[in-house]
2 protein chains.
Amino acid sequence: MKSKTTTRYAILGLLSIQPMSGYDMKQFVDMAFKHFWSESYGRLYPTLRQLETEGLLKSRVYRQRGRPDRRVHTITDKGRRELTEWLEQPASLPRVRSDLLLKLFFGHNVPVPSSIEQIRRQREVLETVLKTLQSYRPAVDEGGLSGDQRMFFLLTIRNGELVNKARIKWCDEAIKILSKHVSSNEETPS
Amino acid sequence: MKSKTTTRYAILGLLSIQPMSGYDMKQFVDMAFKHFWSESYGRLYPTLRQLETEGLLKSRVYRQRGRPDRRVHTITDKGRRELTEWLEQPASLPRVRSDLLLKLFFGHNVPVPSSIEQIRRQREVLETVLKTLQSYRPAVDEGGLSGDQRMFFLLTIRNGELVNKARIKWCDEAIKILSKHVSSNEETPS
DNA sequence: CGTGTCATGTAATCAGTTACATGATTCA
DNA sequence: TGAATCATGTAACTGATTACATGACACG
C-alpha cells in the first residue's frame, strides 16, 4: 500500500537533473521552488529511504573531513520511468490558502485602517519576494544548465513574477479603495 | 492545549456575518472563498463543537419537515473578541502548491509538446475559474449585503481576477516560448 | 564563546481530506 | 428507479511541519 505523494516525484525530478543529498534537495527547493513548492526534512528523508527500497533510486554514503557524512542519491531507470509517467498525468490547479483574504473578507469586524495596514504589510513582503525571484535570473542565465533546463527554470521564475506583480497591483488597488472609504466616512461623521 | 487553527477563525468570521449551520458554511466557503480557502466537513463539524464548549458560539437545533435537523450557530461576544484579536494579527503570505510548475521544471524528461499540452489544459481550467468568479459580481452587487461587506467581497473577487488573469497570461507566454522551441528544433533535426 | 553551517534522521504533532453512515424528499 | 439535495457527524487516513538529537568545524 504505497501512497504516491507528490514528494516522491519532486525527489525523482530533482535527481533527474543531478545526483543529490537530501540536504541539497532541501536547499534547492527552498530557493528555486520557493514560490510554488516546499518540502521539509520530515518528509524528505523518509521518502528517500522509501524510494530506495522500491528501487527508484540508489544511494552511496561519502565520508567527509570535518563534516557529517553525505548520502548522495542517484535515480535509476525504473525511477525515470515512474517520473515520466507522472509528468504526463494532467496537473491540478494550484492550491492556495490566503489568510489575508480571509481576514479582509471579515474586515467589517475591525476598523478599516486596520485592514489597510494588513494589505500594506503584505505588499512589502510581496515586493521583497519579487525582488528575490528576479535576482535569480542572472544566475540561471550564467549557471551551467542545459538549454532546456535554463528555459524551464526561467519559465517558472516568470510565473512567479507575473503572479506576484498581480498580487502587488491588487494591494495597491485595494489600499486605494479602502482609503477612499475611510476619508468618505470622515466627511460624514456620526 | 487548544491549537488555534485558522478553521476556528474562518467559522467565527462567517458567524460574524450571520448565524449559520455547518452545512451553510461549507456551501459558502466552496462558493465565495473557492479561490483562496477551503474547508471540509471533517474539520468543520468537530471545530464547531469545540468552539461551543469554549463559549465562542452557541447553537440551537431546528427541526424541519422532511429534512434533517439543522443546527444553527450564533457567535457570542467572547467569540467576537477572539475573532477581532486574530484579525489584527499580521497575515502570512499565501501558501501555494503548484504541481504544474513542478512538472514544467522537470520538463526535460518529456517531449516539449507534452509540457505545452499540460499548460494548455491548465489554461482552459483557469479560464472557467475566472468566468465563475466574475459571474459572482452581479449577485454581490444586488444581494442584501451591507456596504462594507459588499466592498470586502468585491475586493476578494478582484484579487482572484487579477491573479488568475496573470496565470492565464503566463500560460500564453509559456506556450509561445515552448512552441518556438519545438519549431526551431524541427528546422535542425538530429 | 556563542552562533551558524553542514548533514541525517526520528517522533510528535498538527492540518486536512475522504469515505462512510443515516434517511427523507425532490427531480429527471 | 436512481441520482441529487439537505444535514450532521465520525473514523481512518494522508499530508506536512516542528522540534529534537547528534557532532565537527568555521567565523566573528
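By convention in this document, chain letters (A, B, ...) are assigned in the order of the sequence lines, proteins followed by strands, and residues within each chain are numbered from 1. Values reported hereafter were calculated over all heavy atoms of this structure, with side chains retained and with hydrogens, waters and symmetry mates removed.
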Base, sugar-phosphate alone, or nothing: which one does B:G22 contact when heavy atoms must sit under 4.0 Å apart? sugar-phosphate
In terms of relative ring orientation, are B:F105 and A:F28 parallel, tilted or perpendicular, with 30° and 60° separating the classes? perpendicular
On the nucleotide D:dT8, are OP1 or OP2 found under 4.0 Å from the side-chain N or O atoms that B:Y23 carries? no
Using a cut-off of less than 4.0 Å, is there contact between a side-chain N or O of B:T7 and OP1 or OP2 of C:dA15? no
In whole angstroms, how far is the P atom of D:dA16 from the CG atom of B:D99? 11 Å
Assert: residue with more 5' nearest nucleotide on DNA chain D, out of A:P68 and A:E39, is A:E39
Grab the CZ-C1' distance between B:R43 and D:dA11 for me, whole Å please. 15 Å
Return the value, rounded to whole Å, for the distance between atom CD of B:Q27 and atom C1' of D:dT8. 13 Å
So, OP1 or OP2 of C:dA7: does either fall under 4.0 Å of a side-chain N or O from A:Q64? yes
Judged by each residue's nearest nucleotide on DNA chain D, which is more toward the 5′ side, B:S21 or B:R95? B:S21
Testing B:T6, B:L56, B:T47 for side chain to side chain contact (heavy atoms under 4.5 Å, CB included) with B:I11, which one passes? B:T47
5' priority, DNA chain C, between A:D69 and A:P46 [closest heavy atom]: A:D69
A:Y41 vs C:dG9: side-chain N/O to OP1/OP2 distance below 4.0 Å: no
Atom-to-atom span, CE of A:M20 to P of C:dA7 - whole angstrom: 13 Å
Report yes if at least one side-chain N or O of B:R67 is closer than 4.0 Å to OP1 or OP2 of C:dA24; otherwise report no. no
Round to the nearest Å and state the distance from B:K26 atom NZ to D:dG9 atom C1'. 14 Å
Only one of B:H73, B:R70, B:R71 passes side-chain hydrogen bond (donor to acceptor under 3.5 Å, both in side chains) with B:S59, and that residue is B:R71
How long is the line joining CG of B:L44 and C1' of C:dA19, in whole Å? 17 Å
Let me know which of B:K26, B:K34, B:Q27 forms a side-chain hydrogen bond (donor to acceptor under 3.5 Å, both in side chains) with B:D30. B:K26
Does the pair A:R8 and A:E82 meet the rule for a side-chain contact (heavy atoms from CB on, under 4.5 Å), with working shown? CA-CA 10 Å; A:R8 289 167 66 88; A:E82 191 137 328; 2.8 Å; yes
Do A:K103 and B:W86 make a side-chain contact, defined as non-hydrogen atoms from C-beta onward lying under 4.5 Å apart? yes
Check the phosphate of C:dG9 against A:R49, side-chain N and O only, distance under 4.0 Å to OP1 or OP2. Yes or no? yes
How many whole angstroms separate atom CD1 of A:I11 from atom P of D:dG15? 13 Å
Do any side-chain nitrogens or oxygens of A:S38 fall under 4.0 Å of OP1 or OP2 in D:dT17? yes
Reckon A:R70 touches a base, only the sugar-phosphate, or nothing at all at heavy-atom distances under 4.0 Å? sugar-phosphate
Within the structure, does a side-chain N or O atom of B:R97 lie under 4.0 Å from either OP1 or OP2 of D:dA16? yes
Tell me whether the OP1 or OP2 atom of D:dT18 has a side-chain N or O from A:S40 closer than 4.0 Å. no
Can you tell me which nucleotide in C:dA15, C:dC6, D:dT8 comes closest to the side chain of B:Y45? D:dT8
Taken to the nearest whole Å, CZ/A:R63 to C1'/C:dC6 is 17 Å
Short side-chain N/O contact to D:dG9 OP1/OP2 from B:R71, under 4.0 Å: yes
